[in-house]
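Worksheet: the structure to be examined is printed underneath.
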Amino acid sequence: MSSFSPVVALPTQFTANTTENQRPQPDKLALLIDKSKTIKHLRQIHASLIRHGLESHPVLNFKIQRSYSSLGHVEDSVTLFNRTQSPNVFFYTALIHGHAINGLHEQALLFYVRMLIENVEPNAFTLSSILKACTLEVGKALHCHAHKFGFESDTYVRTALVDVYARGGYIVLARRLFDTMLERNLVSLTTMITGYAKNGNIDEARILFDGMEKRDVVSWNVIIDGYAQHGRPNEALILFRQMLKTRVKPDEATMLAVLSACGQVGALESGQWIHSYLRYSVNSINTQVGTALIDMYSKCGSLENARMVFDGIEDKDVVVYNAMIGGYAIHGLTQDALKLFEEMSWLGVRPTDVTFIAVLSACAHGGLVSEGWALFNAMKDEYGIRPKVEHYGCIVNLLGRAGQLEEAYELVKSRAIDADPVLWGTLLGACTLHKNVSLGEKIVEFLVGRGLANSGTYVLLSNIYAATGNWDGVARMRAMMKQSGVQKEPGCSSVEVNNEVHEFLAGDMKHPKRKEIYEMLEKMNGWLDDHGYISQTEAVLHNIGEVDKKRTLEVHSERLALAFGLISTKPGTTIKIVKNLRVCTDCHAVIKLISRITRRKIVMRDRNRFHHCVDGLCSCGDYW
DNA sequence: TTAGGGTTAG
């Protein structure tokens, strides 16, 4: 008790009506408890409560305990609980809720069980609190409890049940529970939308969202994030613009979702807009938002800004480092990535598996085979991190790019039990790069023999055949692909002009400025001819004549994006292009040359990495 | 009491 007694720093607003002799009114104390925002204030009130012999007051005790929980001090809450004789349902519920919101799911469940053992009957509050903290299996059992105790139709309980089933992937069941609710409200709708969005069923989510009468910041966040996390970042950005026209004010969660979308589409201007919005709307940028900004700037090609945000974050955790190292990696700045990794280790920040993905991919882009192996081994031996398939992917990629195909093949084969199609794809991609037909065929044979071949296998082998001019082989693979119903993902490039992202497919005629774009393409061809450029027609993976091949290359999506960038920005402006697939060798050469001819910096992000083209040279050193 | 949130190979 002595630790509580001196009320030294009790602020005046709390002491005004409280002298040593005067007992404070319980209802006033109750109000103070509910209003206290910091643990310090709460402890002071608690002290005063004990000093005045009110420590057994049921309502005050309950409120104190609840406040401890919500301020993240669950242990104090438990202490208080343990000192309470025969706690009632409210007490138990507050405790369960406190554990649940602080992520202590198992303990929450244990208190629930204890409550049942003590014959304290749960109420609707209890059930909805505990449902939030449970897995699908436990949720099913709790569903029975809800039924038994008669709360199955309670709005809160029902909403929590919808959440549990949706989280567990039982989306149809969740929908049925949702449809049979006595009343739908903003939260239950948002819960259902979240369920669809997390499951990747974003179109269903959108239908419900569009039908909402009222939307708050959370419902907007859920739908925007749903698009952002499921490969539809453009739609996320469109919705965000719609949100700005409403009265609903975006919050940090909105910013995180939108920054992710900006990064994916390479929308630097939109990302910068968010950054300034943040600077003006919040006092300081927290670690999470900072990380998202670093990621956005890196993916939008602006490493300087990424670094600036990085330097401005005071308490850098490992995730912040991971984002920055990953940024250096995709830009091919291998040494900077490794240096930062060293710096972070030196500062005592322990790397995670994600950190190693970042540094290993940095090594792959720089062709640093021995450094990569050393890091891979250090990860296992020094840091005790078990390599995942992603790490093997990095190593296979590193070896494959460097031409050590057999070694890479052995490594993948040694892991054939949990063979990952991506790993095989990486390896086959390396075979294409080095035109190693025999190993490619050997791999495909191996995969077919073990029943591991999939549609992608044929695509890759067909690419190897095409790269070596084996058109019979290509035709065979195309036929097999047709049979298995696969299609190659179409190449798509985008460029951001005036805060708007313009997308192009190969040979695209849909853009309103198509006339000007194609005129520019012609002009570009003229420049290339003047510089004696010869098309690298072997980059065309179809068996057609040379002239047709050249024509095919000329309308590749990245060229259309480049042409549009050239006609819609001032001379000297950097052009930033984002492509969904890897850039082809011919386009790479053309873009380099155009950077010299137009004296513009051209930055292109392809599926793998960034290419900064300046004065005819590319930052990747033609190694990609 | 009910909803959302940072980094991840090719």
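A note on names: the letters A, B, ... follow the listed sequences, proteins ahead of strands, and every chain is numbered from 1. It should be emphasised that the depicted structure is a prediction, and the values quoted were computed from it without experimental measurement.
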Sugar-phosphate only, base, or nothing, as touched by A/Asp353 at under 4.0 Å among non-hydrogen atoms: nothing

Under-4.0 Å side-chain N/O to phosphate OP1/OP2 contact, A/His97 with B/dT2: yes

Pairing of A/Asp163 and A/Lys132 as salt bridge, 4.0 angstrom limit: no

Carboxylate-amine/guanidinium proximity below 4.0 Å for A/Arg307 and A/Asp311: yes

B/dA3 phosphate, OP1 or OP2, under 4.0 Å from A/Lys214 side-chain N/O: no

Touch class at under 4.0 angstrom, heavy-atom based, for A/Val320 against every strand present: base

Sugar-phosphate only, base, or nothing, as touched by A/Ser361 at under 4.0 Å among non-hydrogen atoms: sugar-phosphate

Interatomic distance where CE belongs to A/Met379 and C1' belongs to B/dA9 [whole Å]: 12 Å

Ionic contact status for A/Asp179 with A/Arg184, cut-off 4.0 Å: yes

Base of B/dG6 paired with side chain of A/Asp317 (donor-acceptor, under 3.5 Å): yes

Touch class at under 4.0 angstrom, heavy-atom based, for A/Thr194 against every strand present: sugar-phosphate

N/O (side chain, A/Lys132) to phosphate O (OP1/OP2, B/dT2) under 4.0 Å: yes

Sidechain N-carboxylate O distance under 4.0 Å for A/Arg66, A/Asp34: yes

Between B/dT8 (P) and A/Leu423 (CG): distance, integer Å: 19 Å

Rounded distance (Å) that lies between atom C1' of B/dA9 and atom CD of A/Glu390: 7 Å

Touch class at under 4.0 angstrom, heavy-atom based, for A/Lys316 against every strand present: nothing

Under-3.5 Å donor-acceptor pair between A/Ser129 side chain and B/dT1 base: no

Sugar-phosphate only, base, or nothing, as touched by A/Thr287 at under 4.0 Å among non-hydrogen atoms: base

Distance-only side-chain donor-acceptor flag, A/Asn397 / A/Thr426, under 3.5 Å: no

Sugar-phosphate only, base, or nothing, as touched by A/Asp251 at under 4.0 Å among non-hydrogen atoms: base

Interatomic distance where CD1 belongs to A/Ile96 and C1' belongs to B/dT1 [whole Å]: 12 Å

Separation of atom CG in A/Leu411 from atom C1' in B/dA9, rounded to whole Å: 13 Å

